[in-house]
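Each chain gets a letter, A, B and so on, in the order its sequence line appears, and its residues count up from 1. Keep in mind the model is a prediction, meaning the values are calculated, not measured.
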Amino acid sequence: MPLDTKTPIPTSFRVVGTRPLRPDGIDKVTGRARFGADMWAPGMLVGRILRSPHAHARIRKIDISKAQALEGVKAVVTRADFKAQDGDLADILDNVMAGKKALYDGHAVAAVAAVSAAVARKALSLIEVDYEILPHVTDVDEAMKPGAPLLHDGMITAGVEPAPTKPSNVTRRHEFGHGDVEKGFKKADIVVEREFKTEATHQGYIEPHACLATLSPDGVAELWVCTQGHFMVRAVCAGLLGIDISKLRVTASEIGGGFGGKTTVFIEPVALALSRKANRPVKIVMSRDEVFRATGPTSSASMRVKIGVTKDGRITAADGEFRYQGGAYAGSPVEFGAMSAFACYDLENVRAVGYDVVCNRPKQAAYRAPGAPISAFAVESVIDELAKKLGMDAIDFRIKNAAKPGTKSSYGPTYGEIGLITTLEEAKKHPHWKAPVKPGQARSMACGFWFNFGGQTCVSLNINVDGTCTLAVGTPDIGGSRASMSLMAAEELGIPYESVRAIVADTSSLGYNDVTDGSRTTFATGMATIFAARDAIKKLCGRAAQIWGIPEDAVVWEKGYARPSGANAGSFEPLSLADIAKSSGNTGGPIAGHTEYNAEGAGVSFATHIVDAEVDKETGRTTITRYTVLQDAGKAVHPSYVEGQFQGGAVQGIGWALNEEYIYGKDGRLQNAGFLDYRIPVASDLPMIDTKIIEIPNKGHPYGVRGVGETSIVPPLAAIANAVSAAAGVRLTQLPMSPPKVLKAIEEGARKGH
Amino acid sequence: MSQVHVTAKINGDTTEYLCEPDETLLDVLRNRLGLTGAKEGCGTGDCGACSVTLDGRLVCSCLVLGAEANGREVRTIEGMAHGETLHPLQRKFLEHAALQCGICTPGFLVAAKALLDKNPDPSETEIRYWLAGNLCRCTGYDKIVRAVQDAAAEMRKG
Ligand code: FES
Ligand code: FES
């Protein structure tokens, strides 16, 4: 690539780091922004999905004849309407529309398209499904036991030598680490070992999944959808429906939250299949109940963590076993959970073993730093207990063992410039850590790590004749990324922020882009934006050279102007971007910059969170009274939105730690599929969330950017568990720490004489 | 089912529509009148994304029937700005970056306006309790609460 990736990271910026209004702001505060469910098409039908009421059942027969005969019904589809698949697509298809078995309560089994919602509902009630109910399992430890009901015949655990001979619900074993753990424990003076459990939580975005699909008999299709990755949607849907990828144009609507939960398809292929059969546009909008029952929560988990230290506070060995259930299909985030579990520490001897387990629950989907908050909860709880046993300050103990530049990480690579110790030192200095703890409350803290990602990225930057720019990116904007992209383009071009308009292009207008996930957008799309701007600058300089009649390499770009440079360049008045753009028609036509690449060099990031908690010992209810996030952003492109990510992540963590959980009945059905019973934090549950942005530049990005969206949810579970344990006077090892659980722990602690 | 004929004042304009007797006001606004600013996050009154005012009172439009609006006054997010001029709450939400994805924003703005109409000088706790019926999954509420405080202060100055 002719683009210069190796320019030094600027130490000062003109617009990056400021807090301008976001380009989509007015649309969003006036109600004009169009989200998934806000689209309409002529002749549009209403699509609805029939879902299994059983946790595990064989589908003997589906009779759709009565539904099909109902007036106003234009199409009914079942699994038979999809192309058979193998490989990765096989599970995706089976999740989208059940085949031989329904594997969880809420699993889609059929769908209708009708002229109205009322007719569609009636039609669903006329579909007859003959189920043979099978024994089910929803708990990870139960699912691993010999004799547990098996979800998939012939599932042999991968990653085990020699390969097991019997099928089980364990899909894969992972192992990471280095050194000799047994030897390390022998050197320890104190060893703490504990078992932990966490429950599944849902991403809980406020916008239910929605899409509008049109598929004509000639295979030409359009899809409007709220998604984190419309190119992914295109690839998967084209595969499932057996249509050409080039004939399917996917437009990403505004997206009302995702947090990883909109990185997969659920209703989109169904809407397309219905549209194909009815030859009319079909809109499907999930109800909240469907969102809970049939889209991805994260994993629940069962874990064991053991850490040994010497008397002077040095960790000698760390060992963990992480068992994550990821719902009905393989692919829980246990690999990331195990990799990141001990990533905050500089360890000589470390081992993390992960088991990926299937259960009769909806297939998990990514949730912000997938897998990491769960294992961090277990590890940071044990670290907290060790600090207490050693009589050391929690932060000092961590600083003593913290990963630093040059540390070999627990999952393999060696760290470059990282900011964990800085977050810890800043935490120690922070007024929150220094303030006296209020009576009846307890304070604690925890650290967290996330990898961050790069990935396939493509950006176009078009220079308009009036000197403004249109930046087309292919990563849906969830939290204000268009503002960040405009800032980076404006910075590089040397023009005002207001002169750049970033849009999210549809799949037919731009090259392939990976999903908005893994905290990759500001990093990877941002880097692509900067490179596209540099590409445009090269062309702008070329045009100036042409106007002046001097060689191209005698022109430099400075602060938005082309200037002649060097001894033989001659002297000319600088030309602004607008000047060059204005005459572009006479100098060779439109000017644009492009980048297509696979981004690497996403810097890992770390955070430290401090929490004050109060536990009502009569009811077991916890109140968070003060909260502070300190996190390394590399470079905060738009600090307000970086703070917003920190605050949002912390509050999701508070919900996960204290309240949120998937509750299953004995019948294997989800009992709390609504926001009344699955309660996410509300404004009155919370204090302000204080933030401190730390900026240790990431050398892999021209401006030093690291991802920020995910790390912020890694420490809260542990930080809160540590504070609640201190306040309750007993170690809490199960999430959520809902009032009954806390009360029970306090009572048991009292009995044991704690 | 025969449809009900309704005459209501919506954002100041007299509006007539037909709706099913069991159809919610939210569905009427979104599907019949094209006012998609109110969002459906839950359909059960638990998220506040569908907040509108009915005769000045804050309601979840998913819990009100379209027919119930007959003869009454409905205000939605679409009626909040005056021409080019945003309501101070709208402006402060932008300035404070009090939205990330923005799906909850219309509901929060309508709810916050209803609060400030009643109580121009709410405390932080009052704001938090008033807005407890509106869920936001992105922001952690910090910036929303600050935006409301700031808008209230500016509006008190007149
Ligand atoms: S949609 Fe009405 S309260 Fe959630
Ligand atoms: S900004 Fe996304 S739910 Fe509030």
Taking B:G37, B:C138, B:P106 one by one, which has the highest count of heavy-atom pairs under 4.5 Å against chain A?
-> B:C138
Just checking heavy atoms, which of residues 479-486 of chain A are less than 4.5 Å from chain B?
-> A:G479, A:G480
If you count the non-hydrogen atoms of other residues, nucleotides and ligands that lie under 6.0 Å from NZ in B:K92, is the total more than 12?
-> yes
Atom pair OG1 (B:T139) and CD1 (A:I689), whose distance is rounded to the nearest 0.5 Å | 10.0 Å
Give a yes or no on whether a salt bridge exists between A:E643 and B:K143, defined as a side-chain N under 4.0 angstrom from a carboxylate O.
-> yes
Contact origin within B:E124 toward chain A - heavy atom pairs under 4.5 Å | side chain
Counting only heavy atoms closer than 4.5 Å, note whether B:Y129 contacts chain A via side chain, backbone, both or neither.
-> both
Could you tell me whether A:R34 atom CZ has more than 12 heavy atoms of other residues or ligands within 6.0 Å of it?
-> no
Kindly say whether A:G644 contributes a backbone atom to a donor-acceptor pair with the side chain of B:Q100 at under 3.5 angstrom?
-> yes
Considering all heavy atoms of both residues, which atom of A:F675 and which atom of B:C42 are nearest to each other, and what is their separation?
-> CD1-CB, 4.1 Å
Structural part of B:A49 lying under 4.5 Å from a heavy atom of chain A | side chain
B:L99 and A:Y641 have their tightest heavy-atom pair at O-CE2, 3.1 Å
So which of B:L135, B:L131, B:L109 has the biggest tally of heavy-atom pairs under 4.5 Å with chain A?
-> B:L135
Any donor-acceptor N/O pair, B:R128 side chain to A:L686 backbone, under 3.5 Å = yes
Any donor and acceptor pair, going by atom type alone, linking the side chain of B:R137 with main-chain N or O of A:G258 inside 3.5 Å?
-> no
Can you tell me how far the OG1 atom of A:T691 sits from the CG atom of B:D142, to the nearest 0.5 Å?
-> 7.5 Å
Which residues in residues 284-294 of chain A have a heavy atom less than 4.5 Å from any heavy atom of chain B?
-> A:R288
Could you grab the distance from atom CD of B:Q90 to atom CD1 of A:I26, nearest 0.5 Å is fine?
-> 9.0 Å
Side chain, backbone, both or neither: which part of A:E254 has a non-hydrogen atom closer than 4.5 Å to chain B?
-> neither
Euclidean distance, B:L94 CG relative to A:L21 CG, rounded to 0.5 Å = 5.5 Å
Quick one: list whatever passes ring-ring contact (aromatic ring centres under 6.0 Å, His included) with A:H209, sequence neighbours left out.
-> A:Y205, A:F266
Which residues in residues 56-87 of chain B have a heavy atom less than 4.5 Å from any heavy atom of chain A?
-> B:I77, B:E78, B:L86
What is the distance from atom CD1 of B:I127 to atom OG of A:S684, rounded to the nearest 0.5 Å?
-> 12.5 Å
Heavy-atom closest contact (A:P208 atom, B:E40 atom, distance) = CD-O, 3.3 Å
Gap separating the CZ atom of A:R32 from the OG1 atom of B:T36, nearest 0.5 angstrom | 11.0 Å
Measuring heavy-atom distances to chain B, does A:F646 have an atom under 4.5 Å in its side chain, in its backbone, in both, or in neither?
-> neither
In terms of heavy-atom proximity below 4.5 Å to chain B, should A:V29 be classed as side chain, backbone, both, or neither?
-> both
Which bit of A:I255 is near chain B, if near means a heavy-atom gap under 4.5 Å: side chain, backbone, both or neither?
-> backbone
Non-hydrogen atoms of chain B under 4.5 Å away: do they reach the side chain of A:P20, the backbone, both or neither?
-> neither
Honestly, the part of A:A37 sitting under 4.5 Å from a heavy atom of chain B is both
